Amino acid sequence: MNKPLLIAAVARRFLRFKYKSFIMMLGILIGVFTLTTGLALGSGFKVSVLNYFNRTFLPNSLSIATRGDVVGAQQLDADDVAAIVQRIAGVGGWSPLLTSRRVALVNNGVSQNAALMGVSEQPPLVLGYQPVEGNFFTAADIAGKARVAVIGETVKTKLFGIGSSPVGQTLVIGPQIFTVVGELAPMGGDPHGGDLDNIVAIPYTTLQQINKQNA
């Protein structure tokens with residue numbers, strides 16, 4: 001095949017049918033752009049989902065969820081789990097994950113609605129919730145139903161500002177006054193677009209007491 005003749009023939013045809021050639025090239029460019037963009041978005045979403053599940057389901061961890069549709073079933077309580085931890089050597093820690101409705105948080109007249117959850121003192125080990133500042137609450141806080149809280153990055157930024165430390169400051173959760181003892185490391189978003197940093201964690205015993213008072 002004579003390449004110079006082929007190139008010349010293509011050029012002549014292109015000049016003769018300028019409009020058709022332009023539309024064809026435009027269609028090719030749009031198709032390539034759409035395919036490339038779709039692959040990039042799909043790859044990014046895949047990474048986001050994998051990161052979310054890596055944070056949510058840690059290696060060597062087991063999540064147990066309650067179901068209300070099983071006839072005669074009884075929920076595990078803290079004594080049941082303590083017995084499991086004591087009798088099974090491979091269990092290193094545990095934490096309930098009690099959720100509540102979104103609550104209004106207030107600091108110095110600034111408010112922010114956030115997800116409230118009740119956990120034990122072991123989420124750094126069990127749930128992967130690592131504080132970047134301060135500490136998580138202690139077993140004594142759990143036993144004493146203390147009014148202490150660990151907050152996510154979004155809550156910290158909204159209520160205490162960028163560059164300031166929330167540790168040791170007070171935070172109003174509903175009608176109760178809590179002391180912030182730690183700030184969680186950023187966790188980003190979930191696959192549904194939710195903000196995993198717009199949370200506040202308190203001792204599960206404290207949340208149980210609040211729920212009984214509000215019942």
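What you see is a predicted model, and the numbers here were worked out from it, not measured in a lab.
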If I take atom OG1 from residue T179 and atom CZ from residue F137, how far apart are they, to the nearest 0.5 angstrom?
13.0 Å
Can you check whether Q112 reaches T154 side chain to side chain, under 4.5 Å on heavy atoms?
yes
Out of curiosity, L207 CG to I202 CD1, how far, rounded to the nearest 0.5 Å?
4.5 Å
On a heavy-atom basis, which atom in G163 and which in K156 lie closest, and how many Å separate them?
N-NZ, 3.5 Å
Distance (rounded to the nearest 0.5 Å) between E121 CD and Y204 OH:
8.0 Å
Residues in side-chain contact (heavy atoms from CB on, under 4.5 Å) with A115, at least two apart?
I199
According to a 4.5 Å side-chain heavy-atom criterion applied to Ile, Leu, Val, Met, Phe, Trp and Tyr, with indirect links allowed, do V172 and V150 form part of one hydrophobic cluster?
no
Going from CG on L116 to CG on L105, what distance comes out if it is rounded to the nearest 0.5 angstrom?
8.0 Å
Sorted by chain and number, sequence neighbours left out, side-chain contact (heavy atoms from CB on, under 4.5 Å) with S164 holds for F160
Within one Ile-Leu-Val-Met-Phe-Trp-Tyr cluster: L98 and V200, side-chain cutoff 4.5 Å
yes
State yes or no: do L159 and L196 share one hydrophobic cluster built from I, L, V, M, F, W and Y residues joined by side-chain heavy-atom distances below 4.5 Å, directly or via other members?
yes
Are any non-hydrogen side-chain atoms of N198 and V155 less than 4.5 angstrom apart?
yes
From the list L184, V181, V180, side-chain contact (heavy atoms from CB on, under 4.5 Å) with I151 holds only for V180
Rounded to the nearest 0.5 Å, what separation is found between the NZ atom of K145 and the CD atom of Q209?
5.0 Å
Rounded to the nearest 0.5 Å, what's the gap from CD1 on I142 to OG1 on T205? Could you check?
5.0 Å
Exam field: side chain T206 to backbone R147, donor-acceptor pair closer than 3.5 Å
no
Taking the side chain as every heavy atom from C-beta outward, state whether V119 and F136 have any atom pair closer than 4.5 Å.
yes
Does V110 belong to the same Ile/Leu/Val/Met/Phe/Trp/Tyr cluster as F178, with side-chain heavy atoms less than 4.5 Å apart forming each link?
yes
Measure from the side-chain N and O atoms of D197 to the backbone N and O of G152, and report whether any donor-acceptor pair falls under 3.5 Å.
no
